[in-house]
Amino acid sequence: GKIKPPAVTDGKELRRIVDEIVVHFRRLVENNNLWEMMWNDRRPKRERASQLLFFAIAEMVCKANDIDISPEANMGGGPVDFKFSKGYANRVLVEIKLSTGQVVHGYEKQLEVYKTASGTDSAILLVVDIGKMGKKLTTIQKRRELRLSHGERASDIEVVDAKRRASASKSN
């Protein structure tokens, strides 16, 4: 058999799996009607609904891959929504924000504090778009590009479209 590469690849592998969870979450929300779980009739549910849904999807994948997932892990400076870890050294943080909420603050302040506290550079701000995004997404994308252009590390930004759609079948 092959000799296993050093543990450095664990961080990359962990990140690959977390990215896969995000892609799966997006696909279910956007293409498999899971956006309906974000709404109470015509009113959007609170952020918690998105977080619980993400956890339900992530937990299964983590179990299969022997990854530790901590919801609301307190990182000093408040709880980050999700901390994924493999072993002691490898961590990926995921913060979920609704488009109606404090997207810029979540990206600029919260994630940076959590990353420092948990000793990782690997973090994702997952924006669940339920409308009223305004200029928030453009703002954080520009901030990200600015950081990267200065050779700094920057958290990634992922967007999931959870806006209300016309239902295929009207049962009312």
Side-chain angles (χ1 to χ4, degrees), residues 8-31 34-35 37-39 44-55 57-58 61-62 67 69-86 89-164:
V8 169
T9 58
D10 273 3
K12 284 198 176 104
E13 180 62 7
L14 175 63
R15 182 53 197 254
R16 187 191 66 74
I17 291 167
V18 174
D19 286 340
E20 225 171 73
I21 292 167
V22 171
V23 167
H24 191 57
F25 178 70
R26 179 185 294 116
R27 193 169 53 236
L28 288 172
V29 171
E30 294 182 353
N31 306 331
L34 238 68
W35 62 268
M37 302 296 288
M38 317 289 187
W39 293 85
K45 288 185 183 176
R46 288 176 315 181
E47 215 157 60
R48 183 110 180 109
S50 301
Q51 292 163 347
L52 288 170
L53 205 53
F54 183 81
F55 178 70
I57 291 159
V61 178
C62 288
I67 290 167
I69 177 173
S70 313
E72 291 168 39
N74 206 317
M75 299 274 69
V80 66
D81 288 339
F82 297 99
K83 180 180 80 171
F84 295 87
S85 49
K86 181 95 175 171
N90 303 299
R91 299 183 190 95
V92 179
L93 308 180
V94 176
E95 181 72 15
I96 298 177
K97 287 279 176 232
L98 294 181
S99 52
T100 50
Q102 302 221 318
V103 173
V104 178
H105 179 260
Y107 187 75
E108 282 285 275
K109 301 285 185 296
Q110 282 177 293
L111 264 182
E112 294 311 308
V113 169
Y114 302 151
K115 285 196 305 192
T116 304
S118 70
T120 184
D121 272 326
S122 197
I124 301 166
L125 183 73
L126 184 57
V127 183
V128 177
D129 187 0
I130 54 167
K132 298 195 172 105
M133 182 82 79
K135 293 194 163 65
K136 296 173 195 173
L137 186 59
T138 321
T139 302
I140 61 173
Q141 284 169 336
K142 279 183 183 154
R143 303 262 169 96
R144 182 174 190 275
E145 284 159 24
L146 191 65
R147 276 213 182 107
L148 294 173
S149 74
H150 290 154
E152 297 168 25
R153 303 296 276 277
S155 300
D156 292 298
I157 300 162
E158 295 288 346
V159 181
V160 174
D161 183 359
K163 292 192 288 289
R164 289 183 80 253

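Numbers here simply count residues along the sequence, with the first being 1.
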Quick one: side chains of residues 124-133, donor-acceptor pairs under 3.5 Å with protein atoms, not counting sequence neighbours, listed by atom name and distance.
{"unit_1": "Asp129", "atom_1": "OD1", "unit_2": "Ser99", "atom_2": "OG", "d": "3.4"}
{"unit_1": "Asp129", "atom_1": "OD1", "unit_2": "Gly131", "atom_2": "N", "d": "2.9"}
{"unit_1": "Asp129", "atom_1": "OD2", "unit_2": "Lys163", "atom_2": "NZ", "d": "3.0"}

* **Glu108 and its salt bridge (Lys or Arg N to Asp or Glu O under 4.0 Å) partner, picked from Arg143, Lys97, Lys142** =>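 Among Arg143, Lys97, Lys142, the one that satisfies the salt bridge (Lys or Arg N to Asp or Glu O under 4.0 Å) with Glu108 is Arg143.
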Go through the structure and list residues passing side chain to side chain contact (heavy atoms under 4.5 Å, CB included) with [X], not counting sequence neighbours.
X: Leu52; answer: Arg48
X: Ala73; answer: Ser70, Val80, Lys83
X: Glu30; answer: Arg26, Val160, Asp161, Arg165

* Go through the steps to decide whether Val94 and Glu158 satisfy the test side-chain contact (heavy atoms from CB on, under 4.5 Å), and finish with yes or no. => CA-CA 10 Å; Val94 176; Glu158 295 288 346; over 6 Å; no
Which heavy-atom pair separates [X] from [Y] by the least distance, and what is that distance?
X: Lys136; Y: Gly101; value: NZ-O, 3.1 Å
X: Leu14; Y: Ser85; value: CD2-CA, 4.1 Å
X: Glu95; Y: Asp81; value: OE1-N, 3.1 Å
X: Arg144; Y: Ala154; value: CG-CB, 3.8 Å
X: Arg164; Y: Trp35; value: CA-CZ3, 3.6 Å

* Using the ring of each side chain (for Trp, its six-membered ring), is Phe55 parallel, tilted or perpendicular to Phe82, with breaks at 30° and 60°? ->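 Parallel, since the angle between the ring planes stays under 30°.
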* Please determine, by modelled atom types, if Lys109 and Gln102 share a side-chain donor-acceptor pair under 3.5 angstrom. =>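 Gln102 and Lys109 do not have a side-chain donor-acceptor pair below 3.5 Å.
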* Asked: Can you name the side chain to side chain donor-acceptor pair (under 3.5 Å) partners of Arg46, sequence neighbours left out?
  ->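 In terms of side chain to side chain donor-acceptor pair (under 3.5 Å), with neighbours along the sequence ignored, Arg46 is linked to no residue.
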* To do: Any side chain to side chain donor-acceptor pair (under 3.5 Å) involving residues 119-128? Give me the pairs, sequence neighbours left out, ordered by first then second residue.
  =>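 As it turns out, the side chain to side chain donor-acceptor pair (under 3.5 Å) pairs with a partner in residues 119-128, which skip direct neighbours, are Arg15-Ser122, Asp121-Arg153.
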* Note, His24 side chain near Val61 side chain (heavy atom, < 4.5 Å) ->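 No, every pair of side-chain atoms sits at 4.5 Å or beyond.
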* Where the side chain of Arg91 meets the backbone of Ser118, is there a donor-acceptor pair that is under 3.5 Å apart? ->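 The answer is yes, because a donor-acceptor pair under 3.5 Å joins these two groups.
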